Amino acid sequence: MPELPEVQTVVNTLQPAMAGQVIRAVDLRRRDIVSPADIDFPQQITGKRVISITRRAKRIVFLLNDGNRFYIHLGMSGHMSVEKIGTPTIKHTHLILHVARQEVRFVDPRRFGGIWWLGKEQPWDTDLGPEPLDITAKQLAARLAKTTRAIKPALLDQKLIVGLGNIYVDESLHQAGIHPTRRADKLRPAEVAKLTRCIKTILRQAIEHNGSSVRTYRDANGKWGSFQNLHRVYHCQGKPCHRCKTPIQQIVLGGRSTHFCPKCQVTKPHA
DNA sequence: GTCCATGTTCTTTA
DNA sequence: CTAAAGAACATGGA
């Protein structure tokens, strides 16, 4: 469920429930969702105050008053929910934090997500590329120039740029008029500039609409996002392109379902 | 039963 | 050696 806009929305909805509050009790129902495995996570966070909840890439980062940090990654099926005390738990509820007069829960059926303990160490995100809302066209161009892969799998690579997943790569490439199979290192500077602008526009709009609920995604208050109603290509195969009426196509690229307009998204740069 | 899924990481191949 | 392609992870819904 989670790409940058969805994770940002979850962060935004967790903040009122948790920021400045003490974690009074911790119920970790599956220890194996915490990395590294030898950390006593409940003991580390019980009684600590949550100073801030922020987002880096698709990670939800918690800073505690003792300087320790940890992050939650939602994986494919993870979600957070703020509940009244005693609300019946659903299947696959792995963690319950008792905060103020509420419970903050982490639920993840497929368990691709989890909790990572960071401690107080300074560098912890060196494996991640730059944030898409901050990146310049020049920066993105320099990174794309280093790979011969197709632009779509390149943009999905979190070492190259973070935050984008299958939905927002397809939507961004469509708005930029770039075919997903184009070689990343063969894009022209003007195309990369447009792509950079389109990525930012799409992500900002998606955040305004509280993300895309294409399957089961909801924010921590159980509210659905609405950006799925504004998708131009993702899951729109067969429907007429918004700009040229050509039916949207769906192919498999890099093992991922990929949606694009065969007319608007050119396979070769203009002469 | 089959196929597919908003993600990441490990293994295999070239 | 490196980069890229493919498989794997675990569960549920169509």
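Being a predicted model, the structure only gives us computed values, none of them experimental. Each chain gets a letter, A, B and so on, in the order its sequence line appears, and its residues count up from 1.
Taking 4.0 angstrom as the limit, A:Arg256 places none of its side-chain polar atoms (N or O) nearer than this to OP1 or OP2 of B:dA5. Listed pair A:Thr147 / C:dA4 meets the phosphate criterion, a side-chain N or O lying under 4.0 Å from OP1 or OP2.
Under 4.0 Å is where a charged nitrogen must lie from a carboxylate oxygen, and between A:Asp108 and A:Arg110 no such pair does. Comment: A:Glu131 engages A:Arg55 in a salt bridge, judged by a side-chain N to carboxylate O separation of less than 4.0 angstrom. With respect to the salt-bridge test (charged N to carboxylate O, under 4.0 angstrom), the residues A:Asp170 and A:Lys152 qualify. The existence of a salt bridge linking A:Asp157 and A:Arg256 is excluded, since no basic side-chain nitrogen approaches an acidic carboxylate oxygen closer than 4.0 Å.
Rounded to whole Å, the distance from OH on A:Tyr217 to C1' on B:dT6 is 11 Å. Rounded to a whole Å, the CG atom of A:Asp108 is 13 Å from the P atom of B:dG7. Between A:Lys146 atom NZ and C:dA4 atom C1' there is a gap of 16 Å when expressed in whole angstrom units. Nucleotide B:dT8 holds its P atom 12 Å from the CZ atom of A:Arg56, rounded to whole Å. Atom CD in A:Glu6 sits roughly 12 Å away from atom C1' in B:dG7 (whole-Å rounding).
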Counting primed atoms, P, OP1 and OP2 as sugar-phosphate and everything else as base, the B/S/- map of nucleotides 5-14 of chain C against protein heavy atoms under 4.0 Å is S---BBBBS-
Any chance you could list the contact pattern along nucleotides 9-14 of chain B? Use B for base contacts, S for sugar-phosphate-only contacts and - for none, protein heavy atoms under 4.0 Å, 5' to 3'. ------
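Side-chain contact of A:Tyr168 with A:Ser212: a donor-acceptor pair under 3.5 Å is present, judged by distance alone.
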All N/O donor-acceptor pairs, side-chain side in residues 201-211 of chain A, below 3.5 Å, sequence neighbours left out:
from, atom 1, to, atom 2, distance (Å)
A:Thr201, OG1, A:Arg197, O, 2.9
A:His209, ND1, A:Ser226, OG, 3.3

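When the nucleotides B:dA5, B:dT8, B:dT6 are ranked by their closest atom to the side chain of A:Ser257, B:dA5 comes out on top.
Within residues 223-239 of chain A, no residue approaches DNA chain C, by heavy-atom distance under 4.0 Å. DNA chain B lies under 4.0 Å from at least one heavy atom of each of the following residues of residues 154-176 of chain A: A:Gln158, A:Gly165, A:Asn166, A:Ile167.
A distance of about 23 Å separates the C1' atoms of C:dA4 and B:dT6, rounded to the whole Å. Comparing the P positions of B:dT8 and C:dG13 gives a spacing of 23 Å, expressed to the nearest Å.
For A:Arg143, the salt bridge (Lys or Arg N to Asp or Glu O under 4.0 Å) criterion is met by no residue, not counting sequence neighbours. Checked against ring-ring contact (aromatic ring centres under 6.0 Å, His included), A:Phe41 has the following partners two or more places apart in sequence or in another chain: A:Phe70.
Interatomic distance, A:Ser77 OG to A:Arg111 CZ, rounded to the nearest 0.5 Å: 9.5 Å.
Residue A:Leu128 is found in a hydrophobic cluster whose other members, listed by chain and number, are A:Val162; membership requires side-chain heavy atoms under 4.5 Å apart, directly or through intermediates. Taking Ile, Leu, Val, Met, Phe, Trp and Tyr as hydrophobic and joining them when side-chain heavy atoms fall under 4.5 Å apart, one finds A:Ile90 in a cluster with A:Val107. Side-chain contacts under 4.5 Å among hydrophobic residues (ILVMFWY), followed directly or transitively, place A:Trp124 together with A:Val61, A:Tyr71, A:Trp116, A:Leu118.
Pairs passing the salt bridge (charged side-chain N to carboxylate O under 4.0 Å, His left out) check and including a residue from residues 77-99 of chain A, sequence neighbours excluded, do not occur.
Less than 6.0 angstrom separates the ring centroid of A:Phe260 from the ring centroid of A:His179.
Atom NE2 of A:His235 is surrounded by more than 12 heavy atoms from other residues, nucleotides or ligands within 6.0 Å.
Nearest heavy-atom pair, A:Gln15 versus A:Ile53, reported as atom, atom and distance to 0.1 Å: NE2-O, 2.7 Å.
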Which string of ( ) [ ] | and . matches DNA chain C, if you list each base 5' to 3' and count Watson-Crick or G-U pairs only when both distances are under 3.5 Å? .||||||||.||||
